[in-house]
Amino acid sequence: MIIDTRTIPLAGLDLRGDVDSAGLAVSDSTMKWNSPIACALRLQVAENLLLVRGTLSCRVEYTCSRCLKKFDDTLAVGDFRAEVEFAAPFEIIDLTPYIRQDIILGLQYKPICSTDCRGLCVHCGGDLNRNPCDCKPGADDSPFSRLDGIANK
Ligand SMILES: [Zn+2]
Ligand SMILES: [Zn+2]
């Protein structure tokens with residue numbers, strides 16, 4: 001997103017636009033970009049400083065870290081801010097790196113498809129959301145069975 005500071009009036013400028021997410025490298029195979037980054041920005045110039053505030057959002061496809069299901073989510077940055085210094089009297093400024101940096105910071109580190117996702121069974125690997133399996137937790141798995149053992153002695 002290229003900004004020519006000459007085009008920004010004293011009162012500021014509202015700007016909407018998209019920033020491509022396709023080339024955005026993330027060293028994480030649990031997500032995929034599903035849309036460009038939609039930006040709604042307020043631009044102002046104060047002397048030789050470009051002040052940017054606004055919101056960013058884009059569609060992301062995550063892979064659930066518990067059950068490995070793919071799901072869509074909206075990644076929104078509600079309070080995007082950037083300050084870019086430039087040499088007087090004007091400059092062409094590319095906001096793309098600032099926008100991409102904040103979007104990447106907003107990514108879920110351990111995405112889950114829902115807060116009550118039950119994940120995969122550690123014994124048989126089955127998806128507990130779809131097919132509750134018959135695996136019984138072994139005595140070693142449950143802290144309660146150990147407590148029972150102590151109580152019965
Ligand atoms: Zn899940
Ligand atoms: Zn199981």
Side-chain angles (χ1 to χ4, degrees), residues 1-5 7-8 12-44 49-86 92-153:
M1 178 169 285
I2 308 291
I3 308 295
D4 181 344
T5 56
T7 63
I8 303 172
L13 179 72
D14 289 316
L15 188 70
R16 282 175 182 276
D18 287 345
V19 167
D20 194 12
S21 59
L24 204 43
V26 181
S27 60
D28 183 351
S29 56
T30 63
M31 63 82 54
K32 189 178 109 192
W33 304 105
N34 262 358
S35 78
I37 304 164
C39 311
L41 305 177
R42 174 85 185 157
L43 307 175
Q44 272 188 299
L49 207 57
L50 171 65
L51 304 169
V52 187
R53 287 194 63 172
T55 58
L56 315 173
S57 77
C58 77
R59 303 288 304 165
V60 174
E61 182 191 277
Y62 287 113
T63 302
C64 177
S65 61
R66 289 187 192 164
C67 71
L68 307 180
K69 189 177 81 179
K70 293 191 187 320
F71 65 99
D72 288 333
D73 199 16
T74 299
L75 197 179
V77 176
D79 189 21
F80 169 69
R81 290 161 189 255
E83 287 188 11
V84 188
E85 233 181 319
F86 60 93
I92 308 293
I93 293 171
D94 186 3
L95 287 178
T96 304
Y98 300 90
I99 290 165
R100 288 180 159 184
Q101 182 186 325
D102 267 39
I103 276 288
I104 286 181
L105 287 176
L107 281 172
Q108 289 189 51
Y109 175 61
K110 274 193 185 283
I112 47 173
C113 62
S114 96
T115 49
D116 53 2
C117 172
R118 303 170 56 134
L120 303 179
C121 171
V122 293
H123 298 284
C124 69
D127 183 343
L128 297 175
N129 300 306
R130 270 182 290 178
N131 301 309
C133 58
D134 293 328
C135 298
K136 298 275 188 293
D140 291 342
D141 294 342
S142 162
F144 297 108
S145 61
R146 253 176 284 158
L147 285 180
D148 283 349
I150 292 165
N152 289 340
K153 273 178 191 162

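As the structure lists them, so they are numbered: ligands from 1, and atoms in each ligand from 1.
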Practice task
Compare every heavy atom of S57 with every heavy atom of T74, then report the nearest pair and how far apart it is.
Solution key: CG2-CB, 4.4 Å
Handout entry: L15 CG to R42 CZ distance, which is reported to the nearest 0.5 Å
Key = 11.0 Å
Exercise for the section: May I have the step-by-step check of side-chain contact (heavy atoms from CB on, under 4.5 Å) for I103 and F80, ending in yes or no? Expected result: CA-CA 9 Å; I103 276 288; F80 169 69; over 6 Å; no
Handout entry: Interatomic distance, N34 atom CG to C58 atom SG [nearest 0.5 angstrom]
Key = 9.0 Å
Completion exercise
Excluding water, the protein N, O or S atoms sitting under 2.8 Å from the Zn ion (ligand 1) are C64 SG, C67 SG, C113 SG, C117 SG
Completion exercise
Any protein N, O or S atom under 2.8 Å from the Zn ion (ligand 2)? Found C121 SG, C124 SG, C133 SG, C135 SG
Exercise for the section: Determine yes or no for a side-chain-to-main-chain donor-acceptor pair under 3.5 angstrom, with S21 supplying the side chain and S35 the backbone. Expected result: yes
Problem - Closest approach of C39 to I99 (non-hydrogen atoms, all atoms of both residues) - result: SG-CD1, 3.9 Å
Exercise for the section: Return the minimal non-hydrogen interatomic distance between D102 and L56, and the atom names on each side. Expected result: CB-CD1, 4.1 Å
Practice task
Output yes when D79 and R53 qualify as a salt bridge under the 4.0 Å nitrogen-oxygen rule, no when they do not.
Solution key: yes
Practice task
Of all the heavy-atom pairs spanning P111 and Q108, show the shortest one and how long it is.
Solution key: CA-OE1, 3.3 Å
